[in-house]
Amino acid sequence: MRLLLVEDDNHVAAALIAVLGRHGFEVRHARGGEEALDILRTDTFGVVLLDLGLPDVDGFEVCGRIRRLSGTPVIMVTARADVRSRIHGLNLGADDYVVKPYDMGELLARIHAVSRRTGSESGDAESAPGTDSGSRETGSVLRAGPLTVDLPGRQVTVGGEPVALTRKEFDLLALLAQRPGVVYRREQIISDVWQTSWEGTGRTLEVHIASLRAKLRRPELVETVRGVGYRLVLPGA
C-alpha cells in the first residue's frame, strides 16, 4: 500500500518511514500542508497520515481540504489528546485519530482497519507485529479459531453454528476479528463502529459487548482489558 506521510519533523518522519517500509508500505513524505495537497492533486494513496502541527497550514484545515479534494482515508497523528480536538478532526472527515506517543503496532493495526473499511488496502502489506495469533483471511472472510466472519454476507458462525447479530454487534465483532490478540481501545472502537467520539457512547459499547458475548455462547472469546478496551482471544492463546 502507498501512504502519504505529512510530518514536518524530519527525524520523526525518517523513523516512521523506516518502520512502515519494513512492513511493506511505500511511503511518500510531505513536510507541510501545501506540499501534501499538491501531491494529492496528481497522485493517489491508500492512506494519509497527517500531523496537525504543520509549519504552513493548520492540520485541521489540511484535513478539510483533503476531504474536498478526494476520498483518501486520513488518519490524524498528533499530540493533541483533548476530546474537543478529536471531535473536530472527525467532523472534518478524518477516518481515525491517533494520539502521540503511540504504539507502532497499534498504528499499523489502525492503518489496516481504515484501509479495509474504505476498500483501499491492496493486500501487499504485512500484518502488524505481534498479531500473528492464528487469524486467517480468505477474500472477505475472517477466520479466528472457531469463529468465522463473512464480511460481505454479514454472517457469523461459531463452531459452524450460525449466530444472529444486530448491525452494530456485527460491526464490533468484525473490527475485533481483524486483529485477534490486539487490544482495541474503547475510543477506537467507538470511533470505528459508531463513527463518533462522544464519551456517552461508552455505556452503549458495554451493552453491546455483553450482548455479543451472550450470543456467541463463548464469552471468553471477547476479553476486557481493564482500563484500555477489548480484544478477541483465540482458545489456547
Side-chain angles (χ1 to χ4, degrees), residues 23 47 49 73-78 81 83 86-87 89-90 94-118 120-121 125-137 140 142-149 151 154 156 158 163 165-216 218-235 237:
H23 288 275
V47 173
L49 296 180
V74 176
I75 299 177
M76 289 183 171
V77 183
T78 174
V83 173
R86 294 187 185 191
I87 293 173
L90 294 170
D95 295 86
D96 203 349
Y97 194 105
V98 180
V99 177
K100 299 177 181 177
Y102 51 81
D103 177 79
M104 194 62 211
E106 179 186 357
L107 178 62
L108 289 166
R110 287 178 178 237
I111 292 171
H112 285 298
V114 166
S115 58
R116 277 200 178 92
R117 190 169 66 243
T118 58
S120 61
E121 185 167 67
E126 294 179 11
S127 297
T131 61
D132 184 14
S133 52
S135 175
R136 296 184 295 110
E137 182 175 351
S140 297
L142 303 174
R143 293 186 174 87
L147 177 69
T148 299
V149 181
L151 298 178
R154 298 185 68 82
V156 173
V158 175
V163 179
L165 301 178
T166 66
R167 183 168 63 88
K168 289 301 184 185
E169 288 168 353
F170 179 88
D171 292 343
L172 173 56
L173 180 62
L175 176 64
L176 298 178
Q178 287 176 8
R179 292 290 183 270
V182 170
V183 179
Y184 284 82
R185 294 187 301 111
R186 293 169 55 87
E187 296 88 347
Q188 180 186 357
I189 296 172
I190 292 169
S191 173
D192 283 4
V193 176
W194 279 270
Q195 301 295 305
T196 182
S197 60
W198 180 50
E199 292 181 331
T201 313
R203 177 57 183 164
T204 300
L205 171 58
E206 293 171 358
V207 171
H208 278 73
I209 288 288
S211 177
L212 183 60
R213 285 170 170 157
K215 290 183 178 181
L216 292 176
R218 299 284 296 274
E220 71 278 4
L221 288 175
V222 180
E223 180 181 73
T224 300
V225 180
R226 188 175 299 277
V228 181
Y230 301 93
R231 65 180 173 185
L232 187 71
V233 178
L234 298 181

Quick one: pull up [atom1] in [X] and [atom2] in [Y] and give me the separation to the nearest 0.5 Å.
X      : Y      : atom1 : atom2 : result
Met104 : His23  : CE    : NE2   : 6.5 Å
Leu176 : Leu147 : CG    : CG    : 10.0 Å
Ile209 : Thr204 : CD1   : OG1   : 12.0 Å
Arg86  : Thr78  : CZ    : OG1   : 10.0 Å
Arg213 : Arg218 : CZ    : CZ    : 14.0 Å

Closer than 3.5 angstrom, by distance alone: can the side chain of Arg110 be matched with the main-chain N or O of Tyr97 as a donor-acceptor pair?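 Yes, Arg110 side chain to Tyr97 backbone: donor-acceptor pair under 3.5 Å.
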Atom of [X], atom of [Y] and distance for their closest heavy-atom approach:
X      : Y      : result
Ser191 : Leu90  : OG-CD2, 4.0 Å
Ser211 : Glu169 : OG-OE2, 2.5 Å
Ala144 : Leu232 : CB-CD2, 4.0 Å
Ala109 : Arg179 : CB-CG, 4.4 Å
Leu175 : Val193 : CD2-CG2, 4.2 Å

Applying side chain to side chain contact (heavy atoms under 4.5 Å, CB included) to Arg154 and not counting sequence neighbours gives Arg167, Phe170, Asp171
Residues two or more places apart in sequence or in another chain: which of them pass side chain to side chain contact (heavy atoms under 4.5 Å, CB included) with Val163?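 Val163 satisfies side chain to side chain contact (heavy atoms under 4.5 Å, CB included) with Val156, Val158, Leu165, Lys215, Leu216, Arg217 once adjacent residues are dropped.
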With the side chain counted from C-beta on, respond yes when Gln178 and Leu142 share a heavy-atom pair under 4.5 Å apart, and no when they do not.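 A side-chain contact exists here, since the closest heavy-atom pair is under 4.5 Å.
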Would you please name every residue forming a salt bridge (Lys or Arg N to Asp or Glu O under 4.0 Å) with Arg185, sequence neighbours left out? Glu106, Glu187
According to salt bridge (Lys or Arg N to Asp or Glu O under 4.0 Å), who are the partners of Lys168, at least two apart in sequence or on a separate chain? none
Walk me through it: do Ile111 and Leu49 pass the test side chain to side chain contact (heavy atoms under 4.5 Å, CB included)? CA-CA 9 Å; Ile111 292 171; Leu49 296 180; 4.2 Å; yes
Could you walk me through whether Tyr230 and Leu172 pass the side chain to side chain contact (heavy atoms under 4.5 Å, CB included) test, one step at a time? CA-CA 10 Å; Tyr230 301 93; Leu172 173 56; over 6 Å; no
